[in-house]
Amino acid sequence: MSAVYPTIEDFDGLIQSLVPAPAAIGDSLTVITVLGWPWSVFEQGVQELAVGVIDLDAAAPWVMEVAGLRVNEPPGGLLPTEYRRIVAGRRLCLGADGSIGDVWWVFLGLTGATADDATITQLVVSPSGPASLALAALIAWTPSEPWIQRAGRVLRDALPASGDAEALLATATTARWDTTPWTPSATWAYDLPLE
């Protein structure tokens, strides 16, 4: 796909231009409109990509795949929800400069958590050195191991080169300090590898 895709702004006008005289030929406009409908769906997806207004949570799977490939993140066997989160995090990571704010937004993009369900804590070890960060989020889905590995790489890319961080993800069923009773069979929060 070229950098500037010639999208069709007025698809109905294009369809009407394919039929010489719709009023004089009966149902030809209706037939052409029905035949052209799949093309219009594809065209709308390309238009969203071209102008950058794609809603990752509502995008069709093929649009998600194109959006992922634009940021060098192929699906790689991830579930749709996980893939949407990886693409969202990577898109935000591309402009990240290592600041705490950028790390925060990448983390929210990766997890899909709201600001109310996530925390970021800065631990200053020395005034002249980079800060250590502790991130935690409550997410609404259970992550797979491939997603955990990829999300760790994306978040690591958003961190400063010499920065140190820890990222924990909890679900409704994981044990968390001070909020759920501990049992020997409890699953603890998921830890993103940030090395």
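Throughout, numbering of the chain's residues begins at 1 and tracks the sequence. This one's a predicted model, so the numbers in the text were calculated from it and none came from an experiment. Reckoned from all heavy atoms, side chains included, excluding hydrogens, waters and symmetry mates.
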Which donor-acceptor pairs under 3.5 Å do side chains of residues 75-82 form with protein atoms, sequence neighbours excluded?
residue	atom	partner	partner atom	Å
Glu82	OE1	Leu79	N	3.3
Glu82	OE1	Ser144	OG	3.0
Glu82	OE2	Ser144	N	2.7
Glu82	OE2	Ser144	OG	2.8

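- Every residue two or more places apart in sequence or in another chain that forms a side-chain contact (heavy atoms from CB on, under 4.5 Å) with Asp116 is listed here: Thr114.
- A donor-acceptor contact shorter than 3.5 Å is absent between the side chain of Asp164 and the backbone of Ser132.
- For the pair Met64 and Val87, the minimum side-chain heavy-atom distance is below 4.5 Å.
- Scored by the salt bridge (Lys or Arg N to Asp or Glu O under 4.0 Å) test, Asp157 finds Arg90 as partners (sequence neighbours excluded).
- Annotation: Asn72, atom CG; neighbour count of heavy atoms from other residues, nucleotides and ligands within 6.0 Å does not exceed 12.
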Please tabulate, for side-chain N and O atoms in residues 136-143, each donor-acceptor pair with protein atoms closer than 3.5 Å (sequence neighbours left out).
residue	atom	partner	partner atom	Å
Trp141	NE1	Thr111	O	3.4

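- The line from CD1 of Ile148 to OH of Tyr190 is 6.5 Å long, rounded to the nearest 0.5 Å.
- In this structure, Arg156 contributes its side chain and Ala165 its backbone to no donor-acceptor pair below 3.5 Å.
- Here the closest heavy-atom approach between residue Val106 and residue Gly89 is recorded as CG1-O, 3.8 Å.
- For Pro61, the side-chain contact (heavy atoms from CB on, under 4.5 Å) criterion is met by no residue, not counting sequence neighbours.
- Remark: Ala167 engages Phe107, Leu135, Leu155, Leu192, Leu194 in a side-chain contact (heavy atoms from CB on, under 4.5 Å) (not counting sequence neighbours).
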